[in-house]
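Here is the structure we will look at, set down as structure tokens.
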Amino acid sequence: MNRREFLKASAGASFLPLLPKQQIARLATRRVGPSDAGWPSEAAWKHLNDDVGGNLMRVDFPLQPCLSSSPGADCKAVFTDLKNPFYIGETPGLTQTLGWVDGWTTKPSVYAVAARNGEDVAAAVKFAREHNLRLAVKGGGHSYQGTSNAPDSLLIWTRHMHDIAIQADFVPQGCQGRQAPQRAVTLGSGAIWLQAYDAVTTKAGAYVQGGGCTTVGVAGLIQSGGFGSFSKHYGMAAAGLLEAEVATADGRVRTANACTNPDLFWALKGGGGGTFGVVSKVTLRVREIPEFGGGAHFTVKAASDDAYRRLVRQFIGFYRDALFNEHFGEQAHFKPENELEISMVHWGLDTEQAKKTWQPFLDWVGQFPSAYTVQPGTVIGSLPFRYWWNPDWHREHHIDVFKSDFRPGASAGNVWWNGDAGQVGWVIWGFESLWMPAAALLQDDSQEKLANALFAASRKHEVELHFNKGLAGAPAEAIAAAKETAMNPAVCDAFALAIIADGQGPAYPGIAGHEPDVVEGRTARTAVRDAMNALRAVAGNGGAYVSEANYFDSDFQHLYWGGNGGRLAEIKKKYDPEGLFIVHNGIGSEQWSNDGFTKL
């Protein structure tokens with residue numbers, strides 16, 4: 001470069017920071033939208049439709065009738081359907097979360113490829129790359145941060161890819177002679193976990209580690225790490241991944257496992273969905289099941305703040321001594337109303353063993369009748385593990401734990417847990433999570449500070465401890481497998497994931513009577529933040545779970561992946577150097593505008 005060229009380049013570079021952000025964006029690389037001259041022609045879209053076997057569709061937005069000046073019966077019906085996760089999941093123009101106050105709002109893509117196989121996926125990827133389109137990927141559509149939602153985009157919709165096959169002696173491609181055959185299950189990326197559990201547990205009497213919510217997509221959960229009710233025993237869902245079929249940004253359908261493309265395989269195990277490629281198929285490890293599984297559900301109300309503080313302290317000690325092991329998972333809720341709500345599960349215990357475990361805590365509560373009241377409805381019991389996800393068995397035994405798909409003609413097997421109903425079609429006001437380190441918080445001399453922090457946080461907002469989402473106390477095998485994933489290593493040392501969240505039922509901007517409550521939402525977000533800060537004061541800020549985190553996290557690389565962020569960034573550059581796959585707070589997203597259209 002000669003002196004004149006150097007000065008010209010230097011002047012241009014020094015001028016850029018002085019430009020308004022909007023003008024800088026116009027100088028940067030920008031994807032094509034439907035109002036741009038470069039948007040594909042009708043002939044081009046027809047060619048794509050031919051390539052994917054006629055499975056290209058225009059995406060309708062079911063909420064559109066509600067945005068008219070005089071919404072009628074159709075709008076009322078939509079808001080009823082928005083409480084049904086199966087309706088939402090089977091509608092390409094919707095997402096399971098409708099938005100986040102001051103963050104994002106669900107809006108449909110322009111077109112969707114309703115993919116039936118990996119070749120359909122690859123064709124859509126090639127088309128998006130060649131035409132410089134914004135690309136979105138949706139299976140279950142459960143992302144709180146809207147990562148399966150991108151207006152003015154081409155959507156790859158994998159919902160119809162839900163074939164499931166169990167194999168007795170699976171060996172990953174290229175691993176012959178290096179890995180012993182093992183039992184496994186191969187699932188299309190559009191399968192949801194209810195379908196997986198029906199095939200593997202109800203029908204085959206085995207287990208595959210997936211998510212607790214029945215309508216979460218299989219592939220998305222694996223790519224985000226993934227925890228289920230029994231992760232304290234079986235470990236993370238991502239750790240059970242044996243092989244994936246994935247279309248990368250070059251349009252190739254690749255196999256990723258420990259022997260073939262092992263770097264991509266590692267990144268898919270917790271590095272975040274929609275970031276490294278589009279997964280079309282996964283093969284997961286199949287495990288043995290115990291004879292019994294069960295749960296404990298009860299609420300203790302304290303008569304005063306002081307009594308509640310003592311109750312929290314007693315529970316922390318009881319948890320460390322009796323429940324801090326592979327047998328117990330799920331949640332304890334610490335409420336501002338001075339209530340401790342227990343909604344926990346147990347693995348491998350019959351009813352008598354479970355009751356015997358909990359009795360010392362209930363006996364302690366019973367010693368102080370003027371201070372504590374156990375609310376009606378206490379349940380501690382077990383059932384045959386094989387029937388855990390079998391709605392027919394639960395109906396036959398009059399166990400009311402599921403809600404059912406209420407649409408005419410819907411399958412009787414379409415169910416979701418009662419406890420997940422509040423998340424269906426909701427708008428988030430605030431959501432934060434935090435790994436809770438066992439060594440710093442469960443020792444004898446630190447339990448008091450943890451109890452005080454939980455009490456202080458509960459003055460601001462309800463706090464949930466999800467014990468199955470921290471692997472401390474799990475078998476050594478489960479912890480070792482988690483260390484081979486891309487997840488933040490803090491999960492291995494945490495006894496629980498603290499979650500503090502708030503939101504409202506189905507709502508959408510511009511619909512009279514159904515608009516998000518922005519004022520209350522902002523107030524709630526502040527309360528969520530303040531409550532979590534009370535826990536950070538004793539737990540530090542060791543990270544958050546990528547699937548259940550704050551939309552506004554700025555240090556997301558460190559929070560979600562810890563020291564693994566740098567390696568993930570290198571893998572991103574290798575397989576997607578131009579940033580075709582961009583999601584909010586995903587690896588590489590910091591190089592793009594919030595809408596994913598402009599490279600900064």
Do [Y] and [X] meet the salt-bridge criterion of a basic N to acidic O distance under 4.0 Å?
X	Y	answer
Lys573	Glu570	yes
Lys574	Asp263	yes
Arg129	Glu578	no
Asp420	Lys403	no
Lys572	Asp576	yes
Glu90	Arg407	yes
Arg536	Glu432	yes

For the side chain of [X] and the backbone of [Y], is there at least one donor-acceptor N/O pair under 3.5 Å apart?
X	Y	answer
Trp45	Pro40	yes
Trp417	Gly212	yes
Ser224	Leu221	no
Asn257	Pro262	no

Requested in this report: State which residues pass ring pair (Phe, Tyr, Trp, His ring centres under 6.0 Å) with Tyr575; sequence neighbours excluded, sorted by chain then number.
Outcome: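 Scan of Tyr575 (ring pair (Phe, Tyr, Trp, His ring centres under 6.0 Å), adjacent residues dropped) gives none.
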
Any chance [atom1] of [X] has more than 12 other-residue heavy atoms, nucleotides or ligands included, within less than 6.0 Å?
X	atom1	result
Asp60	CG	no
Asp163	CG	no
Lys281	NZ	no

Query raised in the report: Partners of Cys213 by disulfide (SG to SG under 2.5 Å), sequence neighbours excluded?
Result: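 So Cys213 forms no disulfide (SG to SG under 2.5 Å) with any residue.
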
How are the rings of [X] and [Y] set to each other: parallel, tilted or perpendicular (split at 30° and 60°)?
X	Y	value
His160	Trp157	perpendicular
Phe79	His514	parallel
Tyr144	Trp426	perpendicular

Report task. State, without any angle test, whether His584 and Ser589 hold a side-chain donor-acceptor pair at a distance under 3.5 Å. Result ->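 Ser589 and His584 do not have a side-chain donor-acceptor pair below 3.5 Å.
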
Query raised in the report: Of all residues at least two apart in sequence or in a different chain, which pass the side-chain hydrogen bond (donor to acceptor under 3.5 Å, both in side chains) check with Trp429?
Result: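 Partners of Trp429 under the side-chain hydrogen bond (donor to acceptor under 3.5 Å, both in side chains) test: Gln504.
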
Query raised in the report: Can you check whether Phe227 and Tyr545 have ring centres sitting under 6.0 Å from each other?
Result: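 Judged by ring-centre distance (under 6.0 Å), Phe227 and Tyr545 do meet the cut-off.
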
